[in-house]
Amino acid sequence: MRAQVVCLALVVLVNTCKTIAFQYKNPKYNITMLQEAIDKKALEWNTTLSVAISMGPGSVLAACSGYSDRKGKVKCSVGDKYPVGSVTKPYTAVAIMQFKELGMIDIDAPIYTYVDPVLKRLNDTTMLELWKGDKTCLNITARHLMGMRGGLHDYNDTWYEYETLENPTFDISPFELLHRLNKTFVCPPGECGEYASTGFELLGLALVYLFNLKNWEDLDQMSIFPPHLRPEFNQTSFPGKGPCSKDPSIIHQYVMSNPPPWDSKHHKGPVPNLNETLNITIVDLDYGSCLNGWTCGNIAASASDIAHFHWSLHEGLLVNSESLAEMMTMVPMRYGWSPQLYGLATMNSWPFDGYAWAPDPHNLTFTVGHGGADYGSIGLLSGFNPRYQFGISLVTGSSEGMNCSMTSNLSAYGEYLFYVDTICPVYDAILQIVTGGTVARLNCSTCPACYPYPPPVPECEVALKALCGSFDNNEEACLHCAIHNATNRAKLLAAHCSSREVDSFCGYKPKYPVKSGQNVSCTWDL
């Protein structure tokens, strides 16, 4: 399972390897160190990994390990493209900011002025009609939507996952997402930060208007790259309708499917007791829709291209300095990513949630950008390291580690444990390569349990006990008390409660609540 592809990759090449003169500060710290780190973790977690950093054109360091297609036994290439969901969002924001620079959109004007002509022509409705006459929607701006401050709810992820697994060829259009959206407001637009991918559907429709396109499917999301830069991003695409398998350069993505909420082909009902075997089906999503939420999540790109995008963005090659400053001006989210800071489609990509990370007391790994994940892949570490001036991306070919013998770790799959476990040695190798071994090594000895959790807040625990303590044995009722009761939620926010503290107090159960020692049976549905 160890990949044979080891190279320094030029981003202008597709699925090829070419050794170039990467400026090593110390030959002792080189690509081999990085390759060994991902080889070890890909084998340990039985997954596919690809990582890259970019310090400019012709200075891209990339490596991968694992398979692009497990059934066909095809080894990975650094040119493989990974569908990584919300990594898309900065690309969409760049498109909006480019139109702002041209004077074609006022990002502080009501977004309906740009969206309604498209909604009416293609879906015979308007924003006011969608929101059933609630004029609050008329106050939403493009700045609000890019900054997750539109007051919107997010899409129903349980329904979306069901459709992904049970109706994989169903392309969920932006209109479908907007019609299904809960039209109440979590707060008036501009008054709070609440993560909502749905706002990027409206931004996408605004781009259709600004480009004067006939159909929403005609949007060329690659247009953010000027013609002279496009050859540097030929491992990037934004799939439309149809399966990922239409593009052979897109890696197969795998999801471990098992839990409760419904009985179906891939979901076998309730989680068994400790003395029973947990049956997990591993599903290949390559033959399902690759639309992935369109302008909120449809990117498919190599780690090299993602890293190079973030380097190019901060180098001023995609937007001007004023636009970049606006994108990087961050304010706290109020829940969901709380206390995460969020700009205009930018955030702390690592350590995520803005928390300190035990292996890195000097914060050498601080990365700003935008993470993302699909049901069969992850790219949470995607952004720019401002201290050492490089773009970076680590992407995976599965949503969980797929080593079914590691039963003691299955319980943390829902918390991206395998991904965090991989970041530490990979980022450590990168820092040693970039600095020539002059910085302190990351302390990865506590991984995989080195998840960046917040320090406890005493006033939060007091507030949670006072407001929701009577529900501490009922997870659903407790979460409803803390999150969906607006009065309680406001009090908990005032007590500096983060989403993780609420989850912990209410006994939130991870996706695969497997106890150490429980037998696990894996079936590969390829």
(request) Using the disulfide bond (SG atoms under 2.5 Å apart) rule, take C468 and C478 through it: C-alpha gap first, then chi angles, then the decisive distance, then the call. (result) CA-CA 6 Å; C468 305; C478 181; 5.3 Å; no
(request) Please lay out, stage by stage, how L442 and W357 fare under the test side-chain contact (heavy atoms from CB on, under 4.5 Å). (result) CA-CA 10 Å; L442 300 183; W357 189 36; 4.2 Å; yes
(message) Determine whether I172 and Y155 satisfy the following criterion, side-chain contact (heavy atoms from CB on, under 4.5 Å), listing intermediate values before the conclusion.
(response) CA-CA 12 Å; I172 300 173; Y155 62 89; over 6 Å; no
(request) Output, in order, the C-alpha distance, side-chain angles, deciding distance and verdict of side chain to side chain donor-acceptor pair (under 3.5 Å) for T295 and T92. (result) CA-CA 6 Å; T295 44; T92 300; 5.0 Å; no
(request) Tell me, with the steps shown, if H314 and V368 meet side-chain contact (heavy atoms from CB on, under 4.5 Å). (result) CA-CA 10 Å; H314 286 265; V368 62; 4.1 Å; yes
(message) Is there a side-chain contact (heavy atoms from CB on, under 4.5 Å) between F175 and L119? Walk through the geometry before answering.
(response) CA-CA 8 Å; F175 304 122; L119 267 178; 3.9 Å; yes
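If you take NE2 on H144 and CG on L203, they are separated by 12.0 Å, rounding to the nearest 0.5 Å. Here NZ of K81 is found 11.5 Å from CD1 of I306. Values are rounded to the nearest 0.5 Å. The CZ atom of R180 sits 14.0 Å away from the OG1 atom of T198 when rounded to the nearest 0.5 Å. Taken to the nearest 0.5 Å, the CH2 atom of W159 stands 4.5 Å off from the CD atom of E176. The distance from the OG1 atom of T184 to the CH2 atom of W131 is 11.0 Å, given to the nearest 0.5 Å. L34 CG to I53 CD1: the interatomic distance, rounded to the nearest 0.5 Å, is 8.0 Å.
Ring-plane geometry between Y91 and F309 is classed as parallel, the angle between the planes falling under 30 degrees on a 0 to 90 degree scale with a further cut at 60.
Contact of the D360 side chain with the Y427 side chain is not registered, since no non-hydrogen atoms from C-beta on lie closer than 4.5 Å. Side-chain contact between K100 and E326 is present, with heavy atoms from C-beta onward closer than 4.5 Å. The side-chain heavy atoms of D134 and F185, taken from C-beta on, include a pair separated by under 4.5 Å. At least one side-chain heavy atom of M97 sits under 4.5 Å from a side-chain heavy atom of M146. Inter-residue side-chain proximity for V439 and H362 is flagged as unmet; no heavy-atom pair is nearer than 4.5 Å. Between C296 and K89 the shortest side-chain heavy-atom distance falls below 4.5 Å. A heavy-atom distance below 4.5 Å is not found between the side chains of V84 and S382. The shortest side-chain heavy-atom distance between P110 and L138 does not fall under the 4.5 Å cut-off.
Between the side chains of Y82 and S393, no donor-acceptor pair of N or O atoms lies under 3.5 Å. Donor-acceptor pairing under 3.5 Å is lacking for the side chains of T126 and D116. D157 and Y375 share a side-chain donor-acceptor pair at under 3.5 Å. Side-chain N/O atoms of T141 and D108 include no donor and acceptor closer than 3.5 Å. Checking S197 against Y160 by side-chain atom types alone, no donor-acceptor pair falls below 3.5 Å. In the model, N123 has no side-chain atom that pairs as donor or acceptor with a side-chain atom of T125 under 3.5 Å. Using modelled atom types, one finds no donor on one side chain facing an acceptor on the other under 3.5 Å when comparing S349 with T367.
The aromatic ring centres of H310 and F390 sit 6.0 Å or more apart.
The main-chain N or O of L381 is found under 3.5 Å from a side-chain atom of Y419 such that the two form a donor-acceptor pair. Without hydrogens or angle criteria, N385 side chain to L364 main chain gives a donor-acceptor distance under 3.5 Å. Checking side-chain atoms of T88 against main-chain N and O of N298 turns up a donor-acceptor pair under 3.5 Å. Checking side-chain atoms of Q253 against main-chain N and O of I251 turns up a donor-acceptor pair under 3.5 Å. Of the possible donor and acceptor atoms, one in the side chain of T346 sits under 3.5 Å from a partner among the backbone N and O of M327.
Residues satisfying the salt bridge (Lys or Arg N to Asp or Glu O under 4.0 Å) criterion with D286, sequence neighbours excluded, are absent altogether. Listed by chain and number, the residues in a salt bridge (Lys or Arg N to Asp or Glu O under 4.0 Å) with K465 are E461 (sequence neighbours excluded).
Of the candidates F200, Y342, F384, W350, Y342 is the only one forming a ring pair (Phe, Tyr, Trp, His ring centres under 6.0 Å) with H370.
By the SG-distance test at 2.5 Å, a disulfide connects C290 to C244.
Across T136 and P189, no two heavy atoms sit closer than the pair CG2-CD, 3.4 Å. Residues Y195 and M148 come closest through the heavy atom pair CE1-CE, 3.6 Å. I378 approaches S399 most closely through the heavy-atom pair CD1-O, 3.5 Å. Between D171 and S289, the closest heavy-atom pair is OD1-OG, 2.6 Å. The minimum heavy-atom distance linking G85 with I299 is given by the pair O-CG2, 3.9 Å. Residues P239 and I250 come closest through the heavy atom pair CG-CD1, 4.0 Å.
Ion pairing between a basic and an acidic side chain is recognised when a charged N comes within 4.0 Å of a carboxylate O; K40 and E44 show no such pairing.
Other residues, nucleotides and ligands place no more than 12 heavy atoms under 6.0 Å from the NZ atom of K491.
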